[in-house]
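Structure first, then comments.
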Amino acid sequence: WAYEWGLIDWDMDALEQWVVSTFAVQNRMSTMAHMVHHDEMLKAYLMERQPNTLIVQSHERPAGDTAPAAGAPDKYVLGYPAQSQAVYVRIEDEDDAMYIALADLKDW
């Protein structure tokens with residue numbers, strides 16, 4: 001009605017057809033080309049969180065195996081982050097398992 005009454009100086013049907021057939025298609029292709037894929041995002045996260053990764057031998061210390069004295073090397077803990085940082089990623093060597101703090105991944 002606005003077009004018929006002269007309030008709009010372009011054809012809304014033609015504009016709608018152009019948006020649906022041309023603009024939306026090109027916009028979708030451009031968005032897909034610049035979209036970050038999940039595997040790339042996860043790789044970037046893990047690289048950035050590498051200092052906050054705890055690597056352990058297994059989920060639990062074996063029965064009868066006691067923790068070493070303070071300052072002594074621990075065969076159970078293979079690698080550890082700086083003490084002042086939180087652990088965001090935990091890797092268990094024995095089970096080839098990785099646990100990621102979901103809240104940290106969402107915040108990141």
Side-chain angles (χ1 to χ4, degrees):
W1 290 349
Y3 177 71
E4 289 177 9
W5 293 341
L7 300 174
I8 300 175
D9 58 352
W10 60 82
D11 184 357
M12 292 303 292
D13 291 334
L15 182 61
E16 179 185 2
Q17 183 61 32
W18 175 82
V19 166
V20 170
S21 65
T22 305
F23 175 76
V25 173
Q26 291 177 355
N27 188 36
R28 193 174 300 115
M29 289 188 323
S30 177
T31 301
M32 296 276 294
H34 293 93
M35 183 178 71
V36 177
H37 296 286
H38 297 294
D39 57 342
E40 294 298 323
M41 184 268 308
L42 190 56
K43 285 178 195 173
Y45 172 80
L46 292 173
M47 286 298 292
E48 196 169 301
R49 290 301 191 238
Q50 195 170 12
N52 305 95
T53 298
L54 178 67
I55 302 173
V56 298
Q57 195 169 15
S58 64
H59 184 67
E60 295 179 353
R61 187 178 297 278
D65 190 7
T66 58
D74 189 347
K75 65 179 182 179
Y76 174 73
V77 178
L78 304 176
Y80 51 90
Q83 296 299 318
S84 62
Q85 297 177 352
V87 173
Y88 297 124
V89 180
R90 175 186 170 102
I91 298 173
E92 294 178 4
D93 189 51
E94 188 176 78
D95 302 325
D96 288 332
M98 177 184 293
Y99 302 92
I100 298 173
L102 185 59
D104 182 62
L105 180 61
K106 285 181 180 178
D107 290 345
W108 179 84

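Counting begins at 1 with the first residue of the sequence.
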Residues 19-32 side chain polar contacts: donor-acceptor under 3.5 Å, at least two apart:
unit_1 : atom_1 : unit_2 : atom_2 : d
Ser21  : OG     : Gln17  : O      : 2.7
Thr31  : OG1    : Asn27  : O      : 2.8

With a 4.5 Å cut-off on side-chain heavy-atom distances among I, L, V, M, F, W and Y, is there a chain of contacts connecting Leu105 to Met98? yes
Applying side-chain hydrogen bond (donor to acceptor under 3.5 Å, both in side chains), name anything that partners Trp108, two or more places apart in sequence or on another chain. Glu48
What residues form a side-chain hydrogen bond (donor to acceptor under 3.5 Å, both in side chains) with Asp104, not counting sequence neighbours? Tyr45, Arg49
Residue of the set Ile55, Asn52, Leu54 for which side chain to side chain contact (heavy atoms under 4.5 Å, CB included) holds with Arg90: Leu54
Within the 4.5 Å heavy-atom criterion, are Thr53 and Leu46 side-chain neighbours or not? no
Between Met41 and Val89, is there shared hydrophobic-cluster membership here, with clusters defined by ILVMFWY side-chain heavy atoms closer than 4.5 Å? yes
Show me the pairs that pass salt bridge (Lys or Arg N to Asp or Glu O under 4.0 Å) and involve residues 30-45, at least two apart or across chains. Glu40-Lys43
For Asp95, all residues meeting side-chain contact (heavy atoms from CB on, under 4.5 Å), sequence neighbours excluded: Glu92, Ala97
